[in-house]
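All of these numbers come straight from a predicted model, not from anything done at the bench. Letters A, B, ... mirror the listed sequences (proteins, then strands); counts begin at 1.
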2 protein chains.
Amino acid sequence: MTTPGEQMQADVLAILRRRNVALSAYKVLEALRDAHPKIAPPAVYRALSSLTSKGQAHRVESLKAYVACQSKVHASASILSICESCGYVEEHLAGEVVEAVSHVVAETGFSSQHHVIEVHGICAACNARMPAPEGVGAGGSPQ
Amino acid sequence: MTTPGEQMQADVLAILRRRNVALSAYKVLEALRDAHPKIAPPAVYRALSSLTSKGQAHRVESLKAYVACQSKVHASASILSICESCGYVEEHLAGEVVEAVSHVVAETGFSSQHHVIEVHGICAACNARMPAPEGVGAGGSPQ
DNA sequence: CAGGAGTATGTTACATTATAACATTACACA
DNA sequence: TGTGTAATGTTATAATGTAACATACTCCTG
């Protein structure tokens with residue numbers, strides 16, 4: 001047996017990886033009850049904190065929720081795109097964007113340490129599902 | 001008398017504008033008790049929601065807190081820099097950065113609607129106050 | 001192996017942030 | 001004036017997160 005903490009982190013990560021959707025800490029807690037019937041919030045938050053500090057998971061600030069890291073390399077920072085329709089979260093490498101952001105704030109003497117870059121919108125799959133991208137949409141196709 | 005709601009929003013905005021520091025909704029509530037002794041959380045959240053939807057204030061997602069908008073024009077989006085040392089929050093125009101972010105996520109077919117770009121670090125004033133940017137810093141000035 | 005320092009984990013309780021749901025008031029207009 | 005609508009007030013509670021302490025475990029040291 002490795003340390004129990006590592007087991008907990010592995011279980012949390014497995015839950016987050018089931019779907020590319022952000023889960024609140026309490027949703028994770030519910031999912032953990034199968035394997036850990038008596039788990040309490042601090043254990044979940046400790047595991048999430050360890051995972052995020054190791055870059056194996058990310059907190060989606062604008063959703064107050066968490067996702068598994070999807071990037072193999074986990075470069076300095078990433079962009080998270082969040083579909084407002086289906087909740088799908090995707091991670092994008094942010095190298096140049098992070099540099100651009102750092103450059104903008106450096107104009108006032110600010111030195112960057114940690115970036116939060118999140119985009120809300122509609123994912124490709126939901127865009128494809130939409131009846132039409134124009135008009136009010138109540139009348140079906142505009143044809 | 002204008003509508004009471006506008007008065008509330010004006011009061012909230014005045015509180016946020018006192019300092020360029022993010023205030024939690026409950027800090028705002030405390031500050032409002034002078035003018036509105038019996039105020040309750042929903043009134044504060046409604047005022048903050050109206051202000052943010054009009055672009056007169058911003059929610060700092062990574063701090064769960066709110067700041068007054070500092071930009072006269074309030075372009076489509078902005079970058080917020082947050083000093084970890086003093087809490088100072090500064091707003092930066094983000095035009096090109098927003099385009100770059102949208103471009104990155106568009107590579108997977110994602111259409112952007114709303115951007116959250118926040119940078120944590122150290123502001124110019126705190127950088128200037130720091131004894132030295134090297135070593136552990138316990139020994140005072142390196143001179 | 002006993003003792004004990006130090007760390008990790010479990011547990012309780014609570015703090016903080018946010019909103020649902022309904023009551024009340026204000027206002028426009030027939 | 002009555003009445004429908006929207007805005008605001010109020011109560012209660014949901015959702016998120018953490019402090020503080022208890023317990024257990026690990027690994028030394030003698």
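- Within residues 15-34 of chain A, the residues approached by DNA chain D to less than 4.0 Å at the level of any non-hydrogen atom are A:Ser24, A:Tyr26, in residue-number order.
- Within the 4.5 Å cutoff, no side-chain heavy atoms of B:Asn20 are placed close to those of B:Val67.
- We find that CD of B:Gln9 is positioned 12 Å from C1' of D:dT8, with the value rounded to whole Å.
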Identify each donor-acceptor pair in which a side-chain atom of residues 104-112 of chain A lies under 3.5 Å from a protein atom, sequence neighbours left out, and give them as a table.
from: A:Thr108; atom 1: OG1; to: A:Val105; atom 2: O; distance (Å): 3.1
from: A:Ser111; atom 1: OG; to: B:Ile122; atom 2: O; distance (Å): 3.3
from: A:Ser111; atom 1: OG; to: B:Asn127; atom 2: ND2; distance (Å): 3.2
from: A:Ser112; atom 1: OG; to: A:Ser102; atom 2: OG; distance (Å): 3.4

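- Across the protein-nucleic acid pair, B:Arg59 atom CZ and D:dT16 atom P stand 12 Å apart, rounded to whole Å.
- Looking at heavy atoms from C-beta onward, B:Ile117 lies out of side-chain contact with A:Val97 at the 4.5 angstrom threshold.
- Closest-nucleotide positions on DNA chain D for B:Ala43 and A:Ala65 were compared, and the one nearer the 5' end corresponds to B:Ala43.
- Regarding B:Leu63, its CG atom lies at a distance of 13 Å from the C1' atom of C:dT17, rounded to whole Å.
- With contacts defined as side-chain heavy-atom distances shorter than 4.5 Å, the pair A:Met8/A:Ile39 qualifies.
- Here C:dA18 is the nucleotide among D:dG9, C:dT12, C:dA18 with the atom lying nearest to any side-chain atom of A:Lys64.
- A:Met8 has its CE atom 9 Å from the C1' atom of C:dT9, to the nearest Å.
- The aromatic rings of B:Tyr45 and B:Tyr26 sit perpendicular to each other, their planes meeting at more than 60°, with 30° as the lower class boundary.
- Residues passing the side-chain contact (heavy atoms from CB on, under 4.5 Å) test with A:Ala125 are A:Cys123, A:Arg129, sequence neighbours excluded.
- Defining each end axis of the helix from C:dC1-D:dG30 to C:dA30-D:dT1 as the rotation carrying four pairs' C1' atoms onto the next four, with five pairs an end, the two axes are found to diverge by 0° to 10 degrees.
- Spacing between atom CD1 of A:Ile39 and atom P of C:dG10 amounts to 8 Å, rounded to whole angstrom units.
- Rounded to an integer number of Å, the gap from B:Gln7 CD to D:dT8 P is 11 Å.
- Nucleotide D:dT8 holds its P atom 19 Å from the OH atom of B:Tyr45, rounded to whole Å.
- Nearest heavy atom pair, residue A:Thr52 against residue A:Arg59, reads CG2-N, 4.1 Å.
- Put simply, CG on B:Leu23 and CG on B:Leu63 are 10.5 Å apart, with the number rounded to the nearest 0.5 Å.
- When side chains are defined from C-beta on, B:Lys54 counts as touching B:Gln9, because their heavy atoms get closer than 4.5 Å.
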Give every pair of a protein N or O atom and an N or O atom of nucleotides 19-24 of chain D that lie under 3.5 Å apart, one pair per line with the distance.
from: D:dA20; atom 1: N6; to: A:Arg46; atom 2: NH2; distance (Å): 3.4

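- A:Glu90 pairs by the salt bridge (Lys or Arg N to Asp or Glu O under 4.0 Å) definition with nothing, not counting sequence neighbours.
- Distance alone, capped at 3.5 Å, places no donor-acceptor pair between the A:Glu61 side chain and the A:Val116 backbone.
- Protein atom CD of A:Glu6 is 14 Å distant from nucleotide atom C1' of D:dC25, rounded to whole Å.
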